[in-house]
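So you know, we letter chains A, B, ... as the sequences are listed, proteins then strands, and number each from 1. All values below come from the heavy atoms of this structure, side chains included, with hydrogens, waters and symmetry mates left out.
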Amino acid sequence: MPFNSLSFLVFFPLVCVLAALTNAAPFRAMEREKRMRIRQILLLIASYVFYGWWNWKCCFLMLGLTLTAHFCALHMDGRRRRLALSVGVVLPLLILGIFKYFNFFVDSFCALFGIARAGTLSILLPVGISFYTFQSLSYTIDVSRGKLRPETDFVKTALYIAFFPQLVAGPIVKAGDFIPQLHEERTVTAEGLALGVQYFAFGLFKKIVLADNIGVFVDAVHAAPAAYSSPTLLLMAYAYAIQIYCDFSGYSDMAVGCARILGYELPRNFNLPYLSRNVSEFWKRWHISLGAWLQDYLYIPLGGNRKGKARTYVNLLITMTVGGLWHGAAWTYVAWGALHGAALCVHKLYATWRKKRGLDRRGPLWTAVSVFVTFTWVSLCLVVFRADSIGKAFSIIAAIFTLQSGLHFVSFWAVTALILTALCSLAAILRSRKNGARLDGYYPTVDLSGFRGLTAFFTFVGLTLCLAYTGQSPFIYFQF
Amino acid sequence: MTRAVFKWIGKAVGAGLLALALLCLFCWFYYNVPVHYTNETGATEYKWEAGRFYSKGTEGFALGRTNNDGFNNLLDYTPGEDIDILLMGSSHMEGFNVAQDENAAARLNEFFGGQRYVYNIGTAGHTMLYCVKRLDSALALYAPKDWVLIETMSLDFAPEDMEAVVEGTYPDIPSHTGGLLTLLQKIPVLRLFYTKYVKRSELFSGMADGQYEEGAAFTGSYAESLERLLDKLASESKAHGVLPMVVYSPPLLIDPDGSAHADTDPEKLALFASLCREKGIEFLDLTQPYLAAYDSCVLPFGYSNTAPSVGHLNRHGHRIFAEAAAARIAEREG
């Protein structure tokens, strides 16, 4: 049930109304704990309905992962700690491996040794499996590290893993950030509703107006790159960078908005990534929850930067390559991750070199050039991410730099989105300058209790619906 | 508390109405398609509200005004005026997506430099089947002196549909007008929402892209029905003393290797062309002119706000159409 579907338009208000009803008189007389539990059970059922909408059988998979995480965490003491941790980590990874990567590895093996395709499984890839598997791993590992006390209430563990706003496309919420919220009384409030609907509308605009309209152009060019001229291919590369940002951050905004309406807070997943001055900064601003997860549960356990320079670079490369593979079972994702890993290594070397020479001070022109170069690098890497094969990706990149002749197509939506992105970035820069704070993204909200705010909001929603792309266009990150 | 809630509801209703007014203003220039009414003359299934401003920003950017006859022509229609060439066809022929002086009819008039008058009754959803169904009435009303051009994007017609046209039982395209329904259609923003969300499937299969009647098998029955259909076209044209021309305007598909092709069944194309020849109907296939344009990096279909080679004829497509039609007319008339 995608957020931009009619079914969600019925489902979500219904859930909100039911959740709000738990504030009504008969429930107010109940004990706080009991009332909270009813609300959480309601949200848990809603989450399973939401997930089962795609394929009800997948609910059993999620339930299995939840049971594993819950019971392993409960038995994370004394002698059984190692066993519980092993089961709690290996089993989810095994399930993820079978569902997502088994066929990929078999195919790759067969291709490498020239064997006829054999032994692959005919299985469905459950939507969002990578997201909730990582959440269950985060819970188990944090409990084993003593960062978190095991949750004794199964409903709370299950709701942490299945909470529908972030279930299928993130953000990947750490247990330590979410489970404590389940111990507080949280429900639908007027303030939460006013903010949540605006976050949701903002995300919806990004998704159905910008990402989807750009997607039509990007898809057409990727289907026949040989037909287009170099400037069109370059525009497509930039356009895809904006499309995937609007698609994924749009989903995250909607997730944050839905959670806010229900009274919960989800972490920010994007923070002006295309204003990054280098790749290291980019990974602190792009898909923040995945970056943080990989850092906490992969890069640091591998040794991080504590085991010498060479090992640091190897760790970076491994982490980013695994991060690439997390996105999907294809060599294009592996290559995308490895390219980013290599870029991080190069940037680390360069930063060390500059530091040694005392070249830390940078002017605005230098910053602008750095932002442009980083954005271009990220966009070119995304050509690899989007392409059907690595060969095709590099042929597109080669065509960009070899001045290929062909069709010139200036996509209105691509240009509009690039201009809008630039204007929003400028607004964020001016705001941070004005406030003397660091450069952070923000939601441009209005006061929905006043006439002006309501008019602006309704007009914005109406415009979103007017300009929306109405064809079928699933969220890109659902496949991961 | 209750008072505050009612106060907020009042504000919300007021704000909603103001927002609706602002959106109407926006849609006035973004998507403002006239209401269509059943065409009582029978020349087409329906026609647009006469003398109405229109705009389309959903596919291309175009503004214009329907003429006093409810069609997309630069000039108004005077009953009994001399029309030399009548254009019939679908939304491609109608040309709501391009500037009024850039559609095929305007281009042809420009080309003939006032020596001949070309009148366009192309209307969205009018596949070749609808054009043949309405041919007799259209020719009787407009009485073109020289030619009637029928544009078609497809040669795929189901035999039973062709038979229905010949038998006079082919269903009409309904116009949903009257009272509140007309009023609602006149509010551009509601029209846009309706078009986008409720009528999307219909748009895809009917009004916008017209004649994709997929899978009409190349069988004996297809050939026989086509022959009867073309018979009707030829005999009615002859009865009105006008030469018929079918202009085949196929969409171009771009291949992964960068080449392009029209997805036409060569056997069907050959049969169509030979039957036209046999019946004395001029057949103009625009595949080669479109491909030649593509080779010079010009796309006949698609707009900057949609995708390359997708959707309706763009201004280049209309120009190519007009040039090829004018050239063929000149060639036939010596």
Side-chain angles (χ1 to χ4, degrees), chain A residues 6 9 190 194 208 213-229 232 235-236 239 388 392 395 399 404-416 446-472, chain B residues 4-5 7-27 30-31 57-61 188-193 195-201 203-204 252-260 294-299 302-311:
Chain A
L6 284 176
L9 204 66
I208 67 176
N213 278 310
I214 297 170
V216 178
F217 162 64
V218 171
D219 290 350
V221 178
H222 258 283
Y228 297 92
S229 64
T232 306
L235 178 66
M236 181 278 293
D388 304 332
K392 198 171 167 185
S395 74
Q404 175 173 289
S405 59
L407 295 169
H408 288 291
F409 192 87
V410 181
S411 162
F412 167 83
W413 284 109
V415 173
T416 304
V446 291
D447 175 16
L448 290 189
S449 63
F451 180 78
R452 267 195 238 173
L454 282 166
T455 306
F457 178 68
F458 289 150
T459 309
F460 178 71
V461 172
L463 266 181
T464 301
L465 297 177
C466 285
L467 299 172
Y469 172 70
T470 43
Q472 287 295 319
Chain B
V5 169
K7 201 174 162 193
W8 185 86
I9 290 172
K11 278 187 208 168
V13 170
L17 290 173
L18 180 56
L20 190 67
L22 290 171
L23 290 170
C24 278
L25 186 67
F26 169 75
C27 285
Y30 178 65
Y31 185 84
T58 47
E59 188 189 0
F61 295 98
V189 66
L190 297 185
R191 185 73 185 268
L192 177 60
F193 287 166
T195 306
K196 274 195 171 222
Y197 298 100
V198 185
K199 298 276 280 181
R200 185 165 62 94
S201 53
L203 261 172
F204 273 61
L252 281 194
L253 303 175
I254 303 177
D255 300 317
D257 65 359
S259 61
Y294 178 81
D295 287 341
S296 354
C297 298
V298 172
L299 285 170
Y303 292 87
S304 65
N305 53 353
T306 54
S309 210
V310 172

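- In terms of heavy atoms, B/I254 sits closest to A/A224 at CG2-CB, 3.6 Å.
- Using a 4.5 Å cut-off between heavy atoms, A/L6 does not touch chain B at all.
- Summarising the geometry, atom CZ belonging to A/F458 is positioned 11.5 Å from atom CG belonging to B/L23; distances are rounded to the nearest 0.5 Å.
- Looking at B/T306, only its backbone comes within 4.5 Å of chain A, counting heavy atoms on both sides.
- The part of B/Y30 that comes within reach of chain A is its side chain, from C-beta onward, which places non-hydrogen atoms under 4.5 angstrom from that chain.
- When the candidates A/S411, A/S449, A/S405 are compared by the number of heavy-atom contacts under 4.5 Å with chain B, A/S449 comes out ahead.
- Atom CD1 of A/I214 and atom CG of A/D219 lie 11.5 Å apart (nearest 0.5 Å).
- Looking at B/V189, the atoms closer than 4.5 Å to chain A (heavy atoms on both sides) all sit in the side chain, from C-beta outward.
- Using a 4.5 Å cut-off between heavy atoms, B/D257 touches chain A through its backbone atoms (N, CA, C, O) alone.
- Here the side chains of A/L407 and A/T232 are not in contact, with every heavy-atom distance at 4.5 Å or above.
- Contacts between A/V216 and chain B at a heavy-atom distance below 4.5 Å involve backbone atoms as well as side-chain atoms.
- Of the residues considered (A/F460, A/W413, A/F412), A/F412 shows the highest number of contacts with chain B, using heavy-atom pairs under 4.5 Å.
- Using a 4.5 Å cut-off between heavy atoms, A/A468 contacts chain B through both its backbone and its side chain.
- The most heavy-atom pairs under 4.5 Å with chain A, out of B/G258, B/A15, B/G57, come from B/A15.
- Interface check for chain A: of the options B/G302, B/S309, B/P256, the most heavy-atom pairs under 4.5 Å are formed by B/P256.
- Applying the side-chain hydrogen bond (donor to acceptor under 3.5 Å, both in side chains) test to every pair with at least one member in residues 7-24 of chain B, sequence neighbours left out, gives no pairs at all.
- Screening B/N305, B/L192, B/T195 for a side chain to side chain contact (heavy atoms under 4.5 Å, CB included) with B/T58, the sole residue that qualifies is B/L192.
- In this structure, the side-chain contact (heavy atoms from CB on, under 4.5 Å) partners of B/P308, at least two apart in sequence or on a different chain, are A/A220, A/Y228, A/F409, B/L299.
- Of the residues considered (A/L448, A/L467, A/V221, A/V461), A/L467 shows the highest number of contacts with chain B, using heavy-atom pairs under 4.5 Å.
- Here OH of B/Y294 is found 8.5 Å from CG of B/L252. Values are rounded to the nearest 0.5 Å.
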